[in-house]
Amino acid sequence: MSTLLNGREVANSLLEELRGEVEALKAKGILPKLVVLVAGQDPASAVYVRHKEKACAKVGIISEKLDYPADVSEEEILKKIEELNNDESVNGMIVQLPLPDHIDAGKVIKAINPYKDVDGFHAYNVGKMMLSKDFEDLAPCTPKGITKILDHYDVDIKGMEAVVIGRSNIVGKPIANMLLNRSATVTICHRHTRDVASHSRDADLVVVAVGIPKFLKADMVKEGAIIIDVGINRLEDGSLCGDADFDAMKDKVGMITPVPRGVGPMTVACLLMNTVTAAKKQATL
Ligand code: GUN
């Protein structure tokens, strides 16, 4: 059996650290606050948002959820963002994705004050994150969580052959960049890649984020590789499974994140970390 990268355990220790930081901020009169905007009733989003709220309560961050019906207008969301941008009691906000089809997610993200963009999706924060590891203060939460879990298990990324499968703005592109910031040699595969296995088979580190259950098979990875599975797929029997065929490869690879209890809790912990970072930064502006 390979080493299980226990995201839940690492996330809990990060949350514990954050709880101390929040306590110290509160003693100085700073009360970190996160607002989560949700439009529509996506069941997966509802679960993720519940996890975020629970984690906020655990560390003492004030959280507020604003629920909108699926037919809410883009204008109304933009108006609320403007209001939150100007509300000094709010340190961070996120708009849970996916948004209903009639709302332009790019326009919504662009409207968020970059200093309050704790998802790290605004072009300002994406651009900063591209420059160097030193500018990843408000970096996207899932990629940031991946780097934190690798740090925790003392994985030295420098010089590694890394393959990222998936090129979303939320995971694939930013994690590729953050691995590059740590001096990996990075290949990005996506739906038009002719032969994914020809790349992944040589990789020391594979990050898979495609949203397809068990997409990454055991014969697509090399012995001893590190597998980071970002997928959270619900199967017909109600169980969860990742984008990697965990059972088939768990004895072949060197390290692997499970699903659940792998990357998911790290994403939530990093959202809270970004919120505390934003609150501190705003206090000095
Ligand atoms: N949907 C899936 N992942 C995320 C995330 O990290 N942030 C937001 N806002 N929506 C998501």
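Whatever order the structure lists ligands and atoms in, that order sets their numbers, starting from 1. Remember, predicted model here, so these are calculated numbers, not experimental data.
- Looking at atom 4 (C) of ligand 1, its nearest protein heavy atom turns out to be Q96 NE2, 4.2 Å.
- Rounding to the nearest 0.5 Å places CE of M93 at 11.0 Å from CG of D119.
- For V95, every heavy-atom contact with ligand 1 shorter than 4.0 Å involves the backbone, none the side chain.
- Ionic pairing of E161 and R201 is not present here: no N-O contact between side-chain nitrogen and carboxylate oxygen is shorter than 4.0 angstrom.
- The backbone and the side chain of L97 each have at least one atom closer than 4.0 Å to an atom of ligand 1 (non-hydrogen atoms only).
- Proximity annotation for atom 5 (C) of ligand 1: of V230, D119, V108, D119 comes nearest, heavy atoms only.
- With a 4.5 Å cut-off on side-chain heavy atoms, L5 and I228 count as touching.
- Heavy-atom neighbours of K26 NZ from other residues, nucleotides or ligands within 6.0 Å: above the threshold of 12.
- Taking only nitrogen or oxygen atoms, main chain and side chain alike, T267 does not reach within less than 3.5 Å of ligand 1.
- Distances from atom 3 (N) of ligand 1 to the heavy atoms of I170, V268, V171 put I170 nearest.
- Neither the backbone nor the side chain of Y48 comes within 4.0 Å of ligand 1, counting heavy atoms alone.
- With a 4.5 Å cut-off on side-chain heavy atoms, D229 and F215 do not count as touching.
- A distance of 11.5 Å separates CD1 in I146 from SG in C141, rounded to the nearest 0.5 Å.
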